[in-house]
Amino acid sequence: MHVLVTGGTGYVGVHTVAELLRAGHTVRLLLRSPQKLRPALLPLRLRPRDVETAPGDATDAEAVRAAARGCDAAVHAAAVYSFSPGEAQRIRETNVRATQVVLEEALGAGCDPVVYVSSTMALLPEERGGRLAADSPPYAGPHPPGEYVVSKAESERVARGLQEAGAPIACTYPGAVYGPHDPSLGDNVRRLIWTLRGLFPLAAPGQLWLSDVRDVAALHLALLSPGQGPRRYVAPGHSLSMREQARLLASLTGRRLPTLELPESVLLPSARLLTALQRPLRVQYPTDPEGAWACTRSPVVDARPAEEELGVSARPLEETFADTVQWLFAQGLISRRQAGRLAGPERRPPRKLSVARGRA
């Protein structure tokens, strides 16, 4: 199939592109920032010439229409993923508008299926510990301390409105995404870096759904079959608390990574204060009220249909985190000491040989 991909230089997008190309599909990227293409593709052993490109932004209907022309299917992965208050305006201006534009233009071009990359954040239950599954309604509770969750819930309503009219849209719901090669160093990976540096000992109560980016890409590939109509799948993953994440990292690296789990009544005000202090200092400390709030929801997630119907299952968390840490070390983003055992044996430079000089 000839597949249009938006957000193809982002974390989920570029891994999806790699999966599609390995399966023999051809890919056209809607490209807003051409300078990001080569750095995103090369680490996955892809070259810019392996994909077609079409210039434009996902919020520009005319550009998306031109890019979708002649494509058989589409994957809409473009979105602003951030819990940072500094990104609030960009989130409001981008996520919902881009979803509406891309889905409608891809459908108008005859794409079947159109895969929409949503998020488990879009389906958070209003009550703590509630059920989260592909048939869960979009979040409609009190406004969280940020814009991302609301933007994804509103985008989800756009997608479901089109699904209710029979459009062949397949929605996927990744959790917090980890795994090697994040071209943009998003919130999750940056938080992991700070944790490994021993500078992020705070933990929110509750659990999050974690997905390996490669499993998410495999889910998108599995959905590229025409004639299946509207579908929805939670991406495979695991429920894990922040304290459990730190323990897993400590076990894998062989290091001590103590954590302090704060009650919600202390955590959220502390997160707001730390966020406010960052603005004048221009520091990006990975604490934010919205992310902490989302963790406290602790939904019970059901991702069984992805495995039972599509054969896509979650790889072990140990593999996900080990591969992520090893990639961070290889990129020079953490030190050998911070990577611990996952850095592997230190390679010493070869010993210089002493050669006796004489006359021939």
Side-chain angles (χ1 to χ4, degrees), residues 1-31 36-54 58 67-68 71-79 81 102 106 111-120 168-184 186 188-189 210-226 228 231-238 303 305-307 309-317 319-320 323-324 326-327:
M1 300 180 79
H2 195 31
V3 186
L4 171 67
V5 179
T6 69
T9 59
Y11 197 11
V12 171
V14 74
H15 281 272
T16 298
V17 168
E19 194 76 6
L20 298 179
L21 291 173
R22 281 193 290 265
H25 298 290
T26 57
V27 172
R28 179 183 296 162
L29 299 185
L30 180 69
L31 203 56
K36 293 182 179 180
L37 181 61
R38 182 177 294 273
L41 294 180
L42 289 182
L44 294 177
R45 298 182 179 180
L46 300 175
R47 299 159 296 179
R49 68 184 184 187
D50 293 332
V51 298
E52 297 178 16
T53 60
C71 290
D72 305 305
V75 178
H76 175 45
Y81 171 65
V102 173
C111 293
D112 179 7
V114 176
V115 177
Y116 165 53
V117 185
S118 185
S119 169
T120 51
I169 295 172
C171 297
T172 68
Y173 308 97
V177 178
Y178 290 89
H181 184 48
D182 178 358
S184 54
N188 297 325
V189 173
L210 274 57
S211 299
D212 190 294
V213 68
R214 296 162 293 187
D215 298 335
V216 177
L219 174 62
H220 294 158
L221 175 63
L223 288 170
L224 279 189
S225 299
Q228 303 299 308
R231 292 180 288 170
R232 304 185 194 121
Y233 291 93
V234 175
H238 305 270
E307 181 170 6
E309 299 175 22
L310 301 174
V312 181
S313 58
R315 68 191 67 208
L317 269 174
E319 179 182 344
T320 296
D323 289 350
T324 308
Q326 288 172 339
W327 171 73

Quick check against the 3.5 Å criterion: does [X] have a side-chain atom that pairs as donor or acceptor with the backbone of [Y]?
X: Asp215; Y: Arg315; result: yes
X: Ser313; Y: Glu307; result: no
X: Ser211; Y: Ala176; result: no
X: Thr120; Y: Pro174; result: yes
X: Asp323; Y: Gly179; result: no
X: His15; Y: His181; result: yes

(message) Checking side-chain polar atoms at under 3.5 Å, does Asn188 have a donor or acceptor matched by the opposite partner on Tyr11?
(response) no
Should [X] and [Y] count as side-chain neighbours, where that means a heavy-atom distance under 4.5 Å?
X: Met1; Y: Cys71; value: no
X: Val14; Y: Thr9; value: no
X: Thr26; Y: Val3; value: no
X: Leu30; Y: Val5; value: no
X: Val75; Y: Leu4; value: no
X: Arg22; Y: Leu221; value: no
X: Val189; Y: Trp327; value: yes
X: Thr53; Y: Arg28; value: no

Minimal non-hydrogen separation, [X] against [Y], with atom names:
X: Val312; Y: Ala222; result: CG2-CB, 3.9 Å
X: Gly13; Y: Ala77; result: CA-CB, 4.1 Å
X: Pro168; Y: Cys111; result: CG-O, 4.0 Å
X: Gly8; Y: Leu29; result: CA-CD2, 4.0 Å
X: Asp112; Y: Pro226; result: O-CB, 3.4 Å

(request) Could you please spell out the steps behind the side chain to side chain contact (heavy atoms under 4.5 Å, CB included) verdict for Val216 and Asp212? (result) CA-CA 6 Å; Val216 177; Asp212 190 294; over 6 Å; no
Rounded to the nearest 0.5 Å, what separates atom [atom1] in [X] from atom [atom2] in [Y]?
X: Leu223; Y: Glu309; atom1: CG; atom2: CD; result: 10.0 Å
X: Arg232; Y: Thr172; atom1: CZ; atom2: OG1; result: 12.5 Å
X: Leu210; Y: Thr320; atom1: CG; atom2: OG1; result: 8.5 Å
X: Leu219; Y: Tyr233; atom1: CG; atom2: OH; result: 8.5 Å
X: Ser225; Y: Arg231; atom1: OG; atom2: CZ; result: 6.0 Å

Would you be so kind as to tabulate the donor-acceptor pairs closer than 3.5 Å made by side chains of residues 40-51, with sequence neighbours excluded?
from	atom 1	to	atom 2	distance (Å)
Arg47	NH2	Asp50	OD1	3.2
Asp50	OD2	Arg47	N	2.7

(message) Let's go through Val27 and Glu52 carefully: what are the C-alpha distance in whole Å and the side-chain angles of both, what is the deciding distance for side chain to side chain contact (heavy atoms under 4.5 Å, CB included) to 0.1 Å, and is it a yes or a no?
(response) CA-CA 6 Å; Val27 172; Glu52 297 178 16; over 6 Å; no
(request) Go through the structure and list residues passing ring-ring contact (aromatic ring centres under 6.0 Å, His included) with Tyr116, not counting sequence neighbours. (result) His76
